[in-house]
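Reminder, nothing fancy here: chain letters follow the sequence lines and each chain counts from 1.
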Amino acid sequence: MGVETSCDETAVAMVEDGKKIISNIVASQIKVHQKYGGVVPEIASRQHMECIIPVIDKALSESGKKLSDLSGIAVTYGPGLVGSLLVGLSVAKAIAYAQNIPLIGVNHLEAHIYANFLEHKGIKTPLICLIVSGGHTSLVYIKDFRKYKLLGQTKDDAAGEVFDKIAKVLDLDYPGGPIIEQLAKEGNSSLIKFPRPLLNDGSYDFSFSGLKTAVIYYIKELKEKNKIIPVKDILSSFQQAVVDVLVEKTLRAALEFKTKQIVLAGGVAANNSLRKKIKEKASLLNIRVFYPSISLCTDNAAMVASAGYYKLKENKKSSLDLDVVSRLTLV
Amino acid sequence: MKILGIDTSTRFCSLGLIEEDSVLIEYTLNNSKKKHSSILIPTIKDMLERINLTLPDIDGIAVSLGPGSFTGLRVGLGVAKGLSYACSLPLLGIPTLDALAFSLKEIPYLICPILEAKRDEIYDVVFRGGNKLSKVLDYKCEDIYNLVVRVSLLKEKVIFLSESIKKYQDIIKEKMGKDALFINPQVLLSKGVNIAFLGLEKLKKGKGDDIFTLSPFYLRKSEAEINWEKKSDK
Ligand SMILES: [Zn+2]
């Protein structure tokens with residue numbers, strides 16, 4: 001069983017042998033947080049407390065299994081919101097103790113990577129992984145399974161976070177990703193030349209706050225001059241800037257580390273413009289790109305169960321005094 | 001019947017295991033350094049092993065619902081829900097302030113337990129003791145001055161119970177003089193034990209809580225909700 005409550009999704013899944021999903025339940029809180037334009041940690045924690053047992057119960061009943069059938073319970077212990085993580089971890093630890101089964105604390109970022117292994121059988125190491133979501137933007141070199149080297153990460157905002165903030169400025173719904181992608185389709189992506197921060201700095205780090213400011217400033221200026229705001233063109237140009245940076249750095253890493261495979265992970269990996277662009281460019285270099293299906297890109301517990309399975313195989317169990325680590329890193 | 005009581009609403013992690021009207025074992029850890037999250041389950045495990053019992057020997061899990069530290073309440077209720085779900089045990093949610101006052105229930109005075117809230121506020125309630133506790137003033141989150149004004153209108157002797165009684169003693173005395181009596185609840189039975197006793201009472205009345213829907217008794221909205229309501233009032 002996998003349990004995931006690191007942000008605003010209460011998720012529980014049953015996975016067999018690390019690969020076969022037998023049930024995968026996600027209770028999203030998007031509607032609750034919408035009026036605040038983003039996730040409110042205290043409200044998220046309260047929601048998890050109300051949803052956790054019903055979601056566990058549903059995941060079990062849909063799988064046709066009982067708690068006594070479990071060989072272990074995997075749970076996200078970081079990174080994420082402390083109050084939210086605590087709900088999943090407390091319940092998971094109690095079940096592990098009561099059932100006398102192994103508890104496996106899982107790193108949420110590692111779980112996102114494992115979402116790929118759930119679906120694609122052909123992935124071989126070494127590979128480059130781009131983890132990109134509302135909370136993270138990291139480029140990772142995976143030399144061997146469970147051997148990670150962090151090449152770079154965002155110095156300020158995560159890519160997904162910038163989508164949310166720009167959506168908020170334009171009074172669009174939360175979360176910003178899907179709606180921006182939708183509107184951007186009909187816009188002209190080369191109309192406005194937004195900055196592409198750190199594009200050619202030689203590092204694998206990212207920075208999106210300058211881009212965010214540029215977009216917000218652009219909108220503000222038009223508003224002040226009482227001009228029409230070409231929302232679709234702005235969004236399309238903005239999305240293109242983000243995609244350009246992500247694709248360029250990921251491909252450069254693949255070339256430097258001579259890997260023939262790239263995997264995308266995290267909520268922003270659901271963005272079609274990113275998927276298309278990176279696939280196009282990678283194919284010219286003979287590099288294969290993998291990404292999970294949309295429902296496994298966003299937060300879910302199947303990926304947690306899968307990562308937990310492989311950790312358990314290496315006998316990496318956690319003790320019952322495991323605590324949450326809000327700023328947990330991959331390496 | 002054996003009931004396990006869990007309280008993590010303050011910096012104390014307090015556990016009690018009772019059988020009918022006697023205490024089998026109680027643990028109270030002043031947990032200011034370590035987090036409840038890391039010690040709660042190992043402490044429950046240790047406590048049960050100490051008296052050679054296992055979870056299936058227990059007939060119900062009682063847990064303090066709050067008010068109290070939001071984080072602490074979530075750890076306590078999360079663990080209680082997990083245990084009662086996994087062992088199919090009744091779950092019994094108990095208001096923290098009731099547990100605090102429970103040790104004094106025989107005393108026929110007004111009893112006012114106080115817990116610290118954030119931002120110089122407190123959580124409080126006023127009971128009348130004597131055989132059982134009956135509520136005189138409802139649960140409230142307010143500042144100490146507000147409480148003193150409300151309680152002094154009752155013109156009776158009141159026992160104030162608070163782990164940080166020193167902080168409030170002078171303020172209360174100034175207004176209420178000899179009508180105010182003070183007890184630091186650390187000298188009484190632990191909250192964990194009292195939670196268990198109150199849980200047993202509840203279970204015998206057949207009022208177990210719904211493990212699917214039971215939530216902490218926060219008594220205070222989140223800052224975001226308060227701000228949002230202010231904004232939409234304008
Ligand atoms: Zn995530």
4.5 Å side-chain heavy-atom contact, A:V91 and B:V79: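 They are not in contact (no side-chain heavy atoms under 4.5 Å apart), so the answer is no.
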Should A:L89 and B:S37 count as side-chain neighbours, where that means a heavy-atom distance under 4.5 Å?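 Sidechains of B:S37 and A:L89: in contact.
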Using non-hydrogen atoms only, which part of [X] is less than 4.5 Å away from chain A: side chain, backbone, both, or neither?
| X | answer |
| --- | --- |
| B:F70 | side chain |
| B:E225 | both |
| B:L48 | side chain |
| B:L40 | neither |
| B:K45 | both |

Report, by ascending residue number, the residues of residues 198-211 of chain B in heavy-atom contact with chain A at a distance under 4.5 Å; give 'none' if the set is empty.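 Those residues of residues 198-211 of chain B which have a heavy atom under 4.5 Å from chain A are B:I211.
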Between B:T213, B:T71, B:V75, the one whose heavy-atom pairs under 4.5 Å with chain A are most numerous: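 The candidate making the most pairs under 4.5 Å is B:V75.
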Portion of [X] that has a non-hydrogen atom of chain B nearer than 4.5 angstrom:
| X | result |
| --- | --- |
| A:I95 | both |
| A:L320 | both |
| A:I73 | neither |

Quick check for you: to the nearest 0.5 Å, what is the distance between [X] atom [atom1] and [Y] atom [atom2]?
| X | Y | atom1 | atom2 | answer |
| --- | --- | --- | --- | --- |
| B:I41 | A:S90 | CD1 | OG | 7.5 Å |
| B:Y85 | A:L67 | OH | CG | 5.5 Å |
| A:Y97 | B:L83 | OH | CG | 7.5 Å |

What residues form a salt bridge (charged side-chain N to carboxylate O under 4.0 Å, His left out) with B:K2, not counting sequence neighbours?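 B:K2 satisfies salt bridge (charged side-chain N to carboxylate O under 4.0 Å, His left out) with B:E19 only.
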Partners meeting ring pair (Phe, Tyr, Trp, His ring centres under 6.0 Å) with B:Y139 (sequence neighbours left out):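 If we apply the ring pair (Phe, Tyr, Trp, His ring centres under 6.0 Å) test to B:Y139, skipping adjacent residues, the hits are B:F217.
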Enclosure of A:K35 NZ (heavy-atom neighbours >12, cutoff 6.0 Å):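 Yes.
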Which residues in residues 40-56 of chain A have any heavy atom lying under 4.5 Å from a heavy atom of chain B?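 Expected list: A:V40, A:E42, A:I43, A:S45, A:R46, A:M49, A:E50, A:I53, A:P54, A:I56.
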B:I39 and A:D321: CA distance, side-chain angles, deciding distance, side-chain contact (heavy atoms from CB on, under 4.5 Å) verdict: CA-CA 6 Å; B:I39 66 153; A:D321 66 1; over 6 Å; no
